[in-house]
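Working notes for the structure below.
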Amino acid sequence: NTLNIADSCAYSALSCGDFTAKADRIMRLREHTEPHHESLAKSFLQTTFKVLAFENRPIDLVQLSDVLSINALLKIIGRRGFSDPARAALIREINEHAVAQKTSIDGVKSDIRFIANSALGLLFDTEKAKREGRPILDLETARREGAVVLFVLPPLLFQNAAPLIGQLIINDLKAVTTTSRSIWKLFFDEFSVFSTTNVLNLINMGRTFGVCGTLATQSLADFDAGAPQLGGSFGRQVRASVNTVICHQVGDPDERRTAGQIPRHLSRHRADRPNTGRPLHWRRIRSRSTAVSNPSRRPQIYPQRSCIRLQ
């Protein structure tokens, strides 16, 4: 639970997608309970990203936190005059958001400013990173180049920031997923940090775009912890989307029964017999397969789409 921010690269979390996709990414940082205000806030964000793209302004979380107001957007768009029809149309669009600014955008602003002004804000300031010559990560380039990327989110050190940034990363992963169909291996350790309804699309539909995911957690209950409003259905949806389960010793009786209901073709380890006396091993076989083997038996190979590993 330590993090050396000074040695970390900057992270461009808003580099992929058009203005609508970027607005969606920010809106999914939190669950919204009022559809009307959610729609107003999303429309405001969409116009903001449209203005920044029109003016070729840098887009990162720190810059975004400074321009989420009508006056700031009008100042940006009006620097080159008002004679351009496209510019005039954007000005009208900005002025239409007066109601959203008063009633609907505060929650979104607070999320963005919380990250931008936190101790981790330096990691999202790509303009400062450019001036200092620090490397900048964007996931689309990393995937294209086959790079290995490690995100470290210590939840004990950043109890509020880690889940919020985790959602931002999930949103970025979802956007980048659709840019290619090449094999992309994603590993989520301590999945409870990411365990919300927001991650379901990535798990359910990512396989179409080459995503091979491993979800590592301490307990099956972690799959439900992030989506209590869904009851137990979230965990069931996650488990229904995977086809390889690696389960070590399970101590809780309820979890033992749940694990025992997993079809045998998904798991070779019997959850109702946790003390077999033999360890369970796993290793990579090839790009789209995972082997689960017991030293006393021949390895079983299953196609890998997603894999749950209980540590």
Side-chain angles (χ1 to χ4, degrees), residues 10-32 35 37-70 72-77 86-87 89-91 93-94 96-97 100-101 104-118 120-121 123-130 136-144 149 151 163-180 184 194 196-199 201-202 205-206 209:
Y11 172 39
S12 181
L14 297 171
S15 60
C16 180
D18 58 20
F19 56 84
T20 300
K22 291 172 181 175
D24 281 337
R25 208 172 312 172
I26 296 298
M27 290 299 298
R28 294 297 294 171
L29 289 177
R30 64 161 62 206
E31 296 292 334
H32 298 270
H37 292 299
E38 178 182 3
S39 180
L40 289 174
K42 182 177 178 180
S43 181
F44 189 100
L45 277 172
Q46 186 171 252
T47 298
T48 299
F49 284 117
K50 191 185 298 185
V51 169
L52 293 174
F54 185 82
E55 294 292 339
N56 293 317
R57 289 283 297 265
I59 303 175
D60 61 33
L61 282 182
V62 175
Q63 306 298 322
L64 183 62
S65 68
D66 293 333
V67 300
L68 282 177
S69 72
I70 289 177
L73 293 177
L74 289 176
K75 185 177 180 181
I76 292 172
I77 202 70
R87 195 179 302 276
L90 278 175
I91 290 173
E93 186 174 328
I94 293 169
E96 290 172 355
H97 293 303
Q101 179 172 265
S104 307
I105 201 67
D106 286 345
V108 175
K109 277 185 182 179
S110 64
D111 288 340
I112 297 172
R113 287 177 176 169
F114 175 70
I115 296 175
N117 297 331
S118 70
L120 302 173
L123 302 179
F124 299 94
D125 192 344
T126 58
E127 288 303 296
K128 186 174 183 179
K130 289 177 184 177
I136 299 173
L137 165 69
D138 80 82
L139 290 181
E140 186 175 9
T141 300
R143 181 182 188 181
R144 185 170 59 250
V149 178
F151 287 102
L164 190 62
I165 294 172
Q167 293 312 303
L168 182 66
I169 294 170
I170 290 293
N171 296 341
D172 197 18
L173 288 172
K174 288 163 66 175
V176 175
T177 291
T178 61
T179 64
S180 174
W184 201 21
F194 307 93
T196 69
T197 55
N198 194 28
V199 77
N201 286 354
L202 182 62
M205 295 183 283
F209 298 95

Open item on the list: Is there a side-chain contact between L173 and W184 in this structure, where contact means two heavy atoms from C-beta onward sitting under 4.5 Å apart?
Closed with: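 They are in side-chain contact.
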- [ ] Would you indicate whether the side-chain heavy atoms of L137 and F151 approach each other to under 4.5 Å?
- [x]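 Side chain of F151 against side chain of L137, heavy atoms only: contact under 4.5 Å found.
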Heavy-atom closest pair, residues [X] and [Y]:
X    : Y    : answer
R25  : A13  : NH1-O, 2.9 Å
R30  : S110 : NH2-OG, 3.6 Å
L164 : F114 : CD2-CD2, 3.7 Å
T47  : E93  : OG1-OE2, 2.7 Å
H37  : S104 : ND1-OG, 2.8 Å
P58  : E127 : CB-OE2, 3.1 Å

[atom1]-[atom2] distance between [X] and [Y], expressed to the nearest 0.5 angstrom:
X    : Y    : atom1 : atom2 : result
L123 : I115 : CG    : CD1   : 11.0 Å
E96  : I91  : CD    : CD1   : 12.5 Å
T179 : F209 : OG1   : CZ    : 9.0 Å
I105 : K109 : CD1   : NZ    : 7.0 Å
L14  : I112 : CG    : CD1   : 8.0 Å

Open item on the list: Strictly distance-based, threshold 3.5 Å: is any side-chain N or O of Q101 a donor or acceptor partner for the main-chain N or O of I70?
Closed with: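 Yes; at least one donor-acceptor contact below 3.5 Å.
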Task: Sidechain-backbone polar pair: R143 side chain, T177 backbone, donor-acceptor under 3.5 Å - done: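 Present.
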TODO: Verify whether one side chain among D172 and Y11 offers a donor that lies under 3.5 Å from an acceptor in the other.
DONE: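 Side chains of D172 and Y11: pair found under 3.5 Å.
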Task: Residues S12 and D138: side-chain donor-acceptor under 3.5 angstrom - done: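 Judged by distance alone, the side chains do not pair up.
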TODO: May I ask you to say whether R87 pairs ionically with E55, meaning some side-chain N is under 4.0 Å from a carboxylate O?
DONE: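 Yes.
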For residues 38-46, please give each side-chain donor-acceptor pair under 3.5 Å, one per line with the distance, not counting sequence neighbours.
| from | atom 1 | to | atom 2 | distance (Å) |
| --- | --- | --- | --- | --- |
| K42 | NZ | D24 | OD1 | 2.6 |
| Q46 | OE1 | T20 | OG1 | 2.6 |

